[in-house]
There are 2 protein chains.
Amino acid sequence: MGKALTKNQALVLDTLSRADGPLSAYSILDDLRDEGMQAPPQVYRALEKLLKTGLIHRLESLNAYIACRDPDCVSHTVTGFAICETCGDVIEFAGEKISRQLKDWEDDNGFLAEKTTIELRGICKPCKG
Amino acid sequence: MGKALTKNQALVLDTLSRADGPLSAYSILDDLRDEGMQAPPQVYRALEKLLKTGLIHRLESLNAYIACRDPDCVSHTVTGFAICETCGDVIEFAGEKISRQLKDWEDDNGFLAEKTTIELRGICKPCKG
DNA sequence: TAGCAAGCGTTATATTGTAACACAATAACC
DNA sequence: GGTTATTGTGTTACAATATAACGCTTGCTA
Ligand SMILES: [Zn+2]
Ligand SMILES: [Zn+2]
Ligand SMILES: [Zn+2]
Ligand SMILES: [Zn+2]
């Protein structure tokens with residue numbers, strides 16, 4: 001049972017859920033000025049919590065955040081993101097096989113991964129036409 | 001035939017090559033003050049060029065840069081990095097199989113990746129003991 | 001020799017992220 | 001209940017990362 005969110009956490013999550021793409025911390029802040037959010041630390045603290053609970057993801061190559069839209073995300077070993085450079089769309093994918101390949105590499109090399117980042121930057125199907 | 005590097009590009013590459021781990025743009029700048037490097041744009045422009053030619057890599061999850069140490073790096077479809085949170089070591093790996101899995105996903109989903117980021121954050125073999 | 005592309009040096013600014021502090025709400029415990 | 005530990009809050013100030021824009025130089029090359 002996941003803990004209830006605080007007001008700020010709920011606001012940030014709500015903003016990310018409504019957005020149709022990744023948002024920077026500062027654009028979240030701007031969106032929430034009217035709701036009483038006033039300074040970066042408030043946003044960053046909420047983001048940190050939401051990341052820890054897996055409700056959102058951080059896109060490292062964009063310095064941006066996105067709400068998790070995959071219902072079984074938690075069950076995946078790794079989550080990948082395909083980011084369209086043209087329309088900005090982000091597709092979250094599971095990559096079970098990739099996950100296994102990475103595990104193999106880890107086992108072979110004695111590396112224990114705590115977090116895995118997989119991000120593709122390119123052009124999505126609709127944008128290719 | 002790769003073009004010769006300019007002075008600034010050579011300086012930046014040299015700094016990254018000597019380093020035993022990833023460096024931030026600003027620490028490169030600090031290292032090169034005595035060599036005449038004075039402001040961020042000079043470093044960033046050199047980094048951009050070196051990235052384009054594949055001589056260095058950018059670690060997205062660290063906002064840092066590292067010299068390529070894999071002799072056949074260019075022949076790999078994707079390059080992965082395992083970053084130890086304890087000692088800071090970075091291991092560059094090839095991931096041919098992973099590359100193929102990603103290609104499969106791309107084909108299935110009509111996505112054309114131009115750049116692929118794979119970064120593992122965790123603990124390396126020596127640090128685990 | 002004129003034009004062009006790439007790089008350079010510089011200043012200023014934009015963007016992203018934290019440290020630190022005092023206080024408030026919440027949860028845990030006896 | 002009352003005490004205490006944990007977590008979150010609001011705030012100010014600042015650090016770290018990255019880019020815009022300008023005018024100039026250099027080396028090709030047509
Ligand atoms: Zn997810
Ligand atoms: Zn697209
Ligand atoms: Zn490489
Ligand atoms: Zn290590």
Side-chain angles (χ1 to χ4, degrees), chain A residues 1-16 19 21-66 83 85 88 115 117 119 121, chain B residues 1-16 19 21-66 83 85 88 115 117 119 121:
Chain A
M1 204 55 206
K3 276 289 189 49
L5 299 177
T6 68
K7 182 186 170 195
N8 284 354
Q9 290 160 11
L11 284 171
V12 169
L13 177 56
D14 188 56
T15 299
L16 283 173
L23 297 178
S24 75
Y26 276 77
S27 70
I28 295 171
L29 176 55
D30 285 341
D31 283 1
L32 293 175
R33 293 272 181 203
D34 296 339
E35 267 66 45
M37 204 72 82
Q38 309 205 35
Q42 300 172 269
V43 173
Y44 279 102
R45 288 191 284 232
L47 288 172
E48 186 181 11
K49 184 63 185 297
L50 294 169
L51 284 170
K52 230 179 295 191
T53 58
L55 291 170
I56 67 171
H57 299 290
R58 174 180 160 81
L59 299 177
E60 302 287 352
S61 65
L62 290 181
N63 294 329
Y65 306 84
I66 190 170
I83 304 163
E85 310 261 33
K115 197 200 168 208
T117 299
E119 298 180 14
R121 305 282 293 267
Chain B
M1 204 55 205
K3 275 288 190 48
L5 299 177
T6 67
K7 182 186 170 194
N8 284 354
Q9 289 160 13
L11 284 171
V12 168
L13 177 58
D14 188 57
T15 300
L16 282 172
L23 297 178
S24 76
Y26 277 76
S27 71
I28 295 170
L29 176 56
D30 285 341
D31 282 2
L32 293 176
R33 293 272 181 206
D34 295 340
E35 266 67 43
M37 204 72 82
Q38 309 204 36
Q42 301 172 267
V43 173
Y44 279 102
R45 287 192 284 232
L47 288 172
E48 185 181 11
K49 184 62 185 298
L50 294 169
L51 284 169
K52 229 178 295 188
T53 57
L55 291 170
I56 66 170
H57 301 291
R58 174 179 160 83
L59 299 177
E60 301 287 352
S61 65
L62 290 181
N63 295 327
Y65 307 83
I66 189 169
I83 304 164
E85 309 262 32
K115 196 200 168 207
T117 299
E119 296 180 16
R121 305 282 293 266

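Nothing here was measured: the structure is a model prediction, and the numbers come from that model.
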* To the nearest 0.5 Å, how far apart are CG in B:D30 and OG in B:S24? -> 7.5 Å
* **C:dT16 base stacked by A:Y26 (centroids within less than 5.5 Å, tilt under 30°)** => yes
* Asked: Atom CD of A:E60 and atom P of C:dT15: how far apart are they, to the nearest Å?
  -> 20 Å
* To do: State whether the side chain of B:R45 and the backbone N or O of B:N8 hold a donor-acceptor pair below 3.5 Å, judged by distance alone.
  => no
* Please name the pair of heavy atoms, one in B:A25 and one in B:V43, separated by the smallest distance, quoted to 0.1 Å. => O-CG1, 3.7 Å
* Starting from the C-alpha separation in whole Å, work towards a yes-or-no answer on side chain to side chain contact (heavy atoms under 4.5 Å, CB included) for A:L62 and A:E119. => CA-CA 10 Å; A:L62 290 181; A:E119 298 180 14; 5.6 Å; no
* Asked: Where each residue is assigned the nucleotide of DNA chain C containing its nearest heavy atom, which of B:N63 and B:N8 is assigned the position nearer the 5′ end?
  -> B:N8
* Asked: In whole angstroms, how far is the C1' atom of C:dT16 from the CD atom of A:E48?
  -> 15 Å
* **Separation of atom CG in A:L29 from atom C1' in C:dT15, rounded to whole Å** => 13 Å
* Structure fact -> Rounded to the nearest 0.5 Å, the CZ atom of B:R121 sits from the OG1 atom of A:T117 at a distance of 7.5 Å
* Asked: Distance check: side-chain N/O of B:K49 vs OP1/OP2 of C:dG7, anything under 4.0 Å?
  -> yes
* Structure fact -> A:Q9 CD to C:dT26 C1', in whole Å, measures 12 Å
* Structure fact -> What one should report as the nearest heavy-atom pair of B:V12 and B:A46 is CG2-CB, 3.7 Å
* With rounding to the nearest 0.5 Å, note down the distance linking CG in B:D14 to CD1 in B:I28. => 11.0 Å
* Please identify each residue that fulfils side-chain contact (heavy atoms from CB on, under 4.5 Å) with B:E35, with sequence neighbours left out. => B:L11, B:L32
Can I get a per-line list of side-chain donor-acceptor pairs under 3.5 Å for residues 53-60 of chain B, giving both atom names and the distance, sequence neighbours left out?
unit_1, atom_1, unit_2, atom_2, d
B:T53, OG1, B:K49, O, 3.2
B:T53, OG1, B:L50, O, 3.1
B:H57, NE2, B:E92, OE2, 3.1
B:R58, NE, B:E60, OE1, 3.0
B:R58, NH1, B:Y65, OH, 2.8
B:R58, NH2, B:N63, OD1, 2.9
B:E60, OE2, B:K115, NZ, 2.9

* Asked: When you list every nucleotide of DNA chain D with an atom under 4.0 Å from a heavy atom of chain B, which one comes first 5' to 3', and which comes last?
  -> D:dT17 to D:dA21
* Nearest atoms (heavy-atom pairs only) where B:G88 meets B:P22 -> O-CD, 3.9 Å
* List for me each residue that meets side-chain contact (heavy atoms from CB on, under 4.5 Å) alongside A:A39, sequence neighbours excluded, and say none if there are none. => A:P41, A:Q42
* Nearest 0.5 Å please: distance from the CG atom of A:L29 over to the CG atom of A:L23. => 12.0 Å
* Would you kindly give the CZ-to-C1' distance between B:R33 and C:dG9, to the nearest whole Å? => 13 Å
* **Spacing between A:L5 atom CG and C:dA25 atom C1', to the nearest angstrom** => 16 Å
* To do: Can you tell me the distance, in whole Å, between the CG atom of A:L23 and the P atom of C:dT15?
  => 15 Å
* **Distance test, side-chain N/O of B:T6 to OP1/OP2 of C:dA6, below 4.0 Å** => no
Which pairs, protein N/O on one side and nucleotides 10-12 of chain C N/O on the other, fall under 3.5 Å?
unit_1, atom_1, unit_2, atom_2, d
C:dT10, OP2, B:Q38, NE2, 3.0

* How far does the helix from C:dT1-D:dA30 to C:dC30-D:dG1 bend, going by the axes of its first and last five pairs, to the nearest 10°? -> 40°
* **B:Y44 OH to C:dT15 P, straight-line distance once rounded to whole Å** => 15 Å
